[in-house]
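Here's the structure, in structure tokens; my notes come after.
The model shown is predicted, which means the values in this text are computed figures rather than measured ones. Each chain gets a letter, A, B and so on, in the order the sequences are listed, and its residues count up from 1.
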Amino acid sequence: MNAPPAQNLGDMLRSSLWAQSLKPAELTAIEAEIQVRHCPAGGFVCRKGERVAHWIGVVDGLVKMTNLSADGKPTTLTGVGVGGWFGEGSLLKDEPRRYDIVTLRDSAIAYMPRATFMQLLDTSIAFNRFLLIQLNERLGQFIGRVEHDRLLGPDARVASSLASLFNPTLYPGVKNQLQISQEEIGYLAGLSRQRANQALQALEKAGLVHIEYGGITVLDIAGLRSFGGA
DNA sequence: TCATTAAATTGTT
DNA sequence: AACAATTTAATGA
């Protein structure tokens with residue numbers, strides 16, 4: 001019962017770091033090559049094992065990257081919010097996608113064809129810099145996670161998930177106030193809604209977030225990150 | 001604009 | 001998982 005996707009591709013691109021250095025004509029040309037598809041809540045944006053033909057961005061909504069662990073339990077690798085792009089790893093290596101992408105709510109998803117991605121890679125320094133920063137940030141996130149995850153309690157996992165979702169380096173357009181239900185936070189952190197609720201209350205008591213109806217406000221991103229160990 | 005109702009979300013057990 | 005309480009959104013007077 002989330003609001004239907006409202007943002008459009010143009011706004012999303014203009015708020016992306018890599019797009020800001022392009023000439024308006026270049027940007028409109030790229031915009032024309034990108035397809036936007038609307039995905040209902042809980043739907044698959046793309047599945048593990050599929051051939052990777054696009055770089056994928058979140059125009060509106062919220063998605064998560066999940067993987068199935070050896071025992072078959074779904075594990076959320078990370079969430080991606082408005083303005084986020086992903087899939088460049090498999091696109092660069094020309095390999096099948098390594099994880100499922102699932103929408104947590106009704107979302108608008110942008111699909112940039114491989115040819116467009118490659119052309120940007122060849123012509124835009126800002127685009128290359130963006131990818132470098134993004135890969136580095138992700139690397140730091142995942143290293144921090146595998147380092148701490150088994151030692152961390154549910155509270156810290158929620159903190160870590162939120163910190164990655166509010167990462168200003170990856171998602172400059174995301175404000176510190178995000179409309180996300182506690183149920184969705186639970187999905188992101190791999191917890192039940194009840195446990196996510198307790199974790200959020202603990203984080204609020206610690207002064208890191210402010211809980212509102214249907215959303216949260218992040219008061220201390222650095223605190224969240226250190227809380228989660230990443 | 002206000003009151004009523006339904007739906008969504010949250011807090012608790 | 002189930003329940004009650006609270007908030008929001010929608011509807012109509």
Side-chain angles (χ1 to χ4, degrees), chain A residues 1-9 11-12 15 36-45 58-84 100-110 145 149-150 152-168 170-171 173-230:
Chain A
M1 62 127 327
N2 299 289
Q7 296 228 2
N8 60 55
L9 179 61
D11 290 342
M12 187 261 205
S15 67
V36 176
R37 248 183 61 211
H38 291 254
C39 295
F44 281 92
V45 175
V58 180
V59 178
D60 192 26
L62 183 65
V63 308
K64 63 173 178 179
M65 299 170 36
T66 68
N67 209 340
L68 292 180
S69 53
D71 49 2
K73 293 175 185 171
T75 306
T76 297
L77 300 176
T78 189
V80 179
V82 175
D100 292 322
I101 306 294
V102 180
T103 55
L104 291 175
R105 68 174 76 145
D106 288 358
S107 302
I109 306 299
R145 176 155 327 179
D149 214 15
R150 294 189 179 84
L152 292 180
D155 294 0
R157 294 187 60 181
V158 170
S160 178
S161 298
L162 290 179
S164 66
L165 196 58
F166 280 92
N167 188 325
L170 294 184
Y171 318 126
V174 176
K175 298 173 293 186
N176 64 343
Q177 201 283 334
L178 180 63
Q179 185 181 339
I180 179 175
S181 71
Q182 297 182 2
E183 189 175 19
E184 290 170 335
I185 292 175
Y187 284 132
L188 277 181
L191 302 170
S192 66
R193 181 185 68 80
Q194 299 92 303
R195 195 57 189 83
N197 174 278
Q198 294 181 27
L200 284 173
Q201 292 187 32
L203 293 178
E204 184 177 47
K205 197 168 296 180
L208 300 178
V209 300
H210 177 56
I211 301 176
E212 296 141 21
Y213 181 84
I216 61 171
T217 298
V218 173
L219 304 175
D220 184 354
I221 292 183
L224 276 181
R225 200 166 290 132
S226 60
F227 197 107

Checklist entry - In whole Å, what is the span from the CD atom of Q179(A) to the P atom of dT7(C)? => result 16 Å
Checklist outcome for this item: When every non-hydrogen atom of Y171(A) is compared with those of L165(A), the smallest separation belongs to CD1-O, 3.2 Å
Filtered N/O pairs between nucleotides 2-6 of chain C and protein, under 3.5 Å:
none

Checklist entry - Between Q182(A) (CD) and dT7(C) (P), how many Å, whole number? => result 14 Å
Item to check | Heavy-atom side-chain proximity of D155(A) to F227(A) below 4.5 angstrom | outcome: yes
Next on the checklist: In whole Å, I'd like the distance from the CD1 atom of I211(A) to the P atom of dT10(B).
Outcome noted: 9 Å
Item to check | Atom-pair distance (CG on L104(A); P on dT9(B)), nearest Å | outcome: 13 Å
Checklist entry - Can you list, by residue number, the residues of residues 196-209 of chain A that have a non-hydrogen atom closer than 4.0 angstrom to DNA chain B? => result N197(A), Q201(A)
Checklist entry - What closest approach, in Å, do T76(A) and K64(A) show between heavy atoms, and which atom pair accounts for it? => result OG1-CD, 3.7 Å
Item to check | For L9(A) against A110(A), the heavy-atom pair lying closest together | outcome: CD1-CB, 4.0 Å
Item to check | Shortest non-hydrogen contact between C39(A) and I109(A), atoms and distance | outcome: SG-CG1, 3.9 Å
Checklist entry - What is the distance from CD1 of I216(A) to P of dT9(B), rounded to the nearest Å? => result 15 Å
Taking only N/O atoms, report every protein-nucleotides 3-6 of chain B pair under 3.5 Å with atom names and distance.
none

Checklist entry - Is there a donor-acceptor pair under 3.5 Å between the side chain of T103(A) and the backbone N or O of G42(A)? => result yes
Item to check | Residues forming a side-chain hydrogen bond (donor to acceptor under 3.5 Å, both in side chains) with R193(A), sequence neighbours excluded | outcome: none
Next on the checklist: Quick check: do E204(A) and I216(A) have side-chain heavy atoms less than 4.5 Å from each other?
Outcome noted: no
Item to check | Qualifying residues under side-chain hydrogen bond (donor to acceptor under 3.5 Å, both in side chains), relative to T217(A), sequence neighbours excluded | outcome: E212(A)
Checklist outcome for this item: The side-chain hydrogen bond (donor to acceptor under 3.5 Å, both in side chains) partners of D100(A) (sequence neighbours excluded) come to none
Item to check | Chi angles and distances behind the side chain to side chain contact (heavy atoms under 4.5 Å, CB included) call for R105(A), I180(A) | outcome: CA-CA 9 Å; R105(A) 68 174 76 145; I180(A) 179 175; 3.8 Å; yes
